[in-house]
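Notes follow the structure.
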Amino acid sequence: MKKALMPLVMVVLLALVPYVAVQFAGLDFLFGVIVPYVAIVVFIGGFVYRVVDWARSPVPFRIPTTCGQEKSLDWIKQNRLESPSNFWQAAARVLSEVFFFRSLFRNTRAELHNGPKLAYGSSKWLWLAGLAFHWSMLVIVLRHYRFFIAKVPGFVQLMENVDGFLDVTLPALYLTDVVIVAAVTFLVVRRFQDAKVRLISLPADYFPLFMIFAIAVVGIFMRYITKVDVMSVKDLMINLVHFNLTLPEGIGALFYVHLFLVCVLAMYFPFSKLVHMGGIFMSPTRNLSNNSREKRHVNPWNPDIKIRTYAEYEDEFREKMKKANLPVEKK
Amino acid sequence: MMKIRELILIFGGLALFFFAVTYAFWQEGKPKKISTPVAKSPSEQCVESGEYMRESHMLVLDEWRKSAVRDGDRIHVTPDGREFEKSLSTCFECHGSRGFCVNCHTYASARPNCFGCHHEM
């Protein structure tokens with residue numbers, strides 16, 4: 001429990017900092033202008049650093065993890081997606097993982113019954129909640145472009161319409177708002193509820209979940225319950241993207257809580273597990289084709305060893321060997 | 001040595017990431033202040049304070065819709081005792097017409113569904 005308590009306390013503290021600072025100390029400029037710029041620089045810089053670092057790491061051999069028949073003789077049917085043998089098949093495998101989480105679809109659960117009997121069963125809940133969470137997150141992030149672009153692009157409006165199609169509550173209820181809270185709740189509960197998962201869960205697993213939960217809940221509050229002045233919020237964001245450092249008056253403190261938590265998450269992103277966003281594309285166990293029987297992959301940093309064959313050795317010492325009555329191959 | 005194709009893929013991906021994150025920074029034009037329209041007779045007090053109405057007018061309208069349509073209660077009484085008929089037309093007596101709403105609503109991409117039935121243009 002201590003592993004979950006620390007992150008929880010951290011998130012609460014992080015949420016209180018901007019609230020107190022803006023409400024009582026008048027530090028709007030720090031939290032409205034400076035922190036967001038720092039956050040975006042750290043986010044992009046850190047992300048590029050991580051990806052370039054991975055790109056520079058040598059991958060001398062083919063190490064894909066496969067679970068299908070690799071390309072072999074003509075009459076053996078290859079599993080092209082599970083054991084890709086060329087670039088396009090490997091690309092299809094990576095993209096299907098990115099968009100549909102195929103590896104999570106194979107998730108199983110082990111249960112110990114009386115007997116004792118060990119039983120394995122398919123368990124799709126993690127896959128379902130993970131997929132629901134990530135897609136909601138994507139839609140929510142894209143929807144936020146309405147605050148950053150003066151003339152809101154058509155795809156954002158389309159997304160808002162589809163997302164709010166239920167048309168219940170007055171600012172129309174977004175489905176993704178409901179889904180992301182439900183999915184994150186499931187992902188947290190999953191870590192508490194199963195002893196095996198609880199054992200391997202670390203503060204670094206709870207912290208991003210709590211952060212995302214807090215960000216979503218504060219955002220939902222601002223949209224549906226305790227309002228903030230959307231016009232000032234959009235003015236601020238438009239000013240920021242035009243590098244115009246003026247802060248509009250009268251934005252509620254709750255907005256700064258939302259913004260600050262997002263900034264912290266963005267800065268935390270490149271240096272935590274969240275960077276799997278880039279890592280999924282850079283994993284050699286996923287993005288390589290399984291063709292080491294077809295093609296020889298030579299380790300590029302093999303030292304250049306000078307090889308001396310026996311024939312050369314004998315050429316040098318033949319006369320001496322003959323005198324010593326040693327057998328030689330060439331007379 | 002890394003293959004050219006890998007370099008193109010990795011740096012192409014990074015460029016795509018960079019563009020997606022900084023998408024808003026590339027937009028054309030200067031930030032311009034959307035003029036907040038002023039009521040016709042600013043001396044008269046609205047049903048709530050201006051600040052409250054800027055943030056939460058939709059809550060007022062939503063409450064009006066429910067109580068007027070479902071409970072037949074068509075009169076809004078403010079805390080200081082003034083009475084208003086619960087109707088968009090009441091709003092428009094001071095706030096002109098639908099045009100009053102459009103500027104900000106387009107800017108914030110908040111599209112109300114009031115005008116599907118009321119005050120069609």
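Just so we're on the same page: letters track the sequence lines, and every chain starts at 1.
Contact annotation for Asn244(A): only side-chain heavy atoms (C-beta onward) come within less than 4.5 Å of a heavy atom of chain B. Interface residue Val152(A): only side-chain heavy atoms are found under 4.5 Å from chain B. Of the two parts of Phe18(B), only the side chain, counted from C-beta on, holds a non-hydrogen atom closer than 4.5 Å to a non-hydrogen atom of chain A. Residue contact with chain B, scored on non-hydrogen atoms closer than 4.5 Å, involves the side chain of Asp167(A) exclusively. With a threshold of 4.5 angstrom between heavy atoms, Ile225(A) approaches chain B through N, CA, C or O but not through any side-chain atom. Proximity to chain A (any heavy atom under 4.5 Å) is shown, for Glu51(B), by neither the backbone nor the side chain.
Considering only heavy atoms from C-beta on, Met58(B) comes within 4.5 Å of Lys227(A) through its side chain. Looking at heavy atoms from C-beta onward, Val52(A) lies in side-chain contact with Phe11(B) at the 4.5 angstrom threshold. Side-chain contact between Phe25(B) and Ile40(A): present, with at least one pair of heavy atoms (C-beta onward) separated by less than 4.5 Å. Counting heavy atoms from C-beta outward, Trp26(B) and Ile149(A) have side chains that stay 4.5 Å or more apart. Within the 4.5 Å cutoff, the side chain of Thr22(B) has heavy atoms near those of the Ile44(A) side chain. When side chains are defined from C-beta on, Phe87(A) counts as touching Leu9(B), because their heavy atoms get closer than 4.5 Å.
For the set Val141(A), Val230(A), Val51(A), the count of heavy-atom pairs under 4.5 angstrom toward chain B peaks at Val51(A). In terms of heavy-atom pairs under 4.5 Å with chain B, the best-connected choice from Met237(A), Lys151(A), Lys234(A), Arg146(A) is Lys234(A). Contact count against chain B (heavy-atom pairs under 4.5 Å) is highest for Phe243(A) among Trp54(A), Phe243(A), Phe281(A).
Side-chain atoms of Gln27(B) come within 3.5 Å of backbone atoms of Phe148(A) as a donor-acceptor pair (strictly under, hydrogens ignored).
Applying the 6.0 Å contact sphere to CG of Asp304(A) captures no more than 12 heavy atoms from other residues, nucleotides or ligands. Crowding of Phe100(B) atom CZ: a count of heavy atoms from other residues, nucleotides or ligands under 6.0 Å exceeding 12. No more than 12 heavy atoms of other residues, nucleotides or ligands sit less than 6.0 Å from atom CZ of Phe99(A). Crowding of Tyr49(A) atom OH: a count of heavy atoms from other residues, nucleotides or ligands under 6.0 Å not exceeding 12. The number of heavy-atom neighbours closer than 6.0 Å to CZ of Arg74(B), taken from other residues, nucleotides and ligands shown, is 12 or below.
In this structure, OG1 on Thr106(B) lies 8.5 Å from CD on Gln157(A), to the nearest 0.5 angstrom.
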Show, in sequence, the C-alpha distance, side-chain angles and deciding distance for Arg65(B) and Leu170(A), and conclude whether the side-chain contact (heavy atoms from CB on, under 4.5 Å) test is met. CA-CA 10 Å; Arg65(B) 176 180 64 180; Leu170(A) 193 58; 4.3 Å; yes
Stepwise side-chain contact (heavy atoms from CB on, under 4.5 Å) test for Tyr107(B) and Ile238(A): CA-CA 11 Å; Tyr107(B) 181 62; Ile238(A) 294 285; 3.5 Å; yes
Verify ring pair (Phe, Tyr, Trp, His ring centres under 6.0 Å) between Phe17(B) and Phe43(A), making sure each step is shown before the conclusion. CA-CA 11 Å; Phe17(B) 165 80; Phe43(A) 177 63; 5.5 Å; yes
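Between Ala20(B) and Tyr145(A) the shortest heavy-atom distance is O-OH, 2.6 Å.
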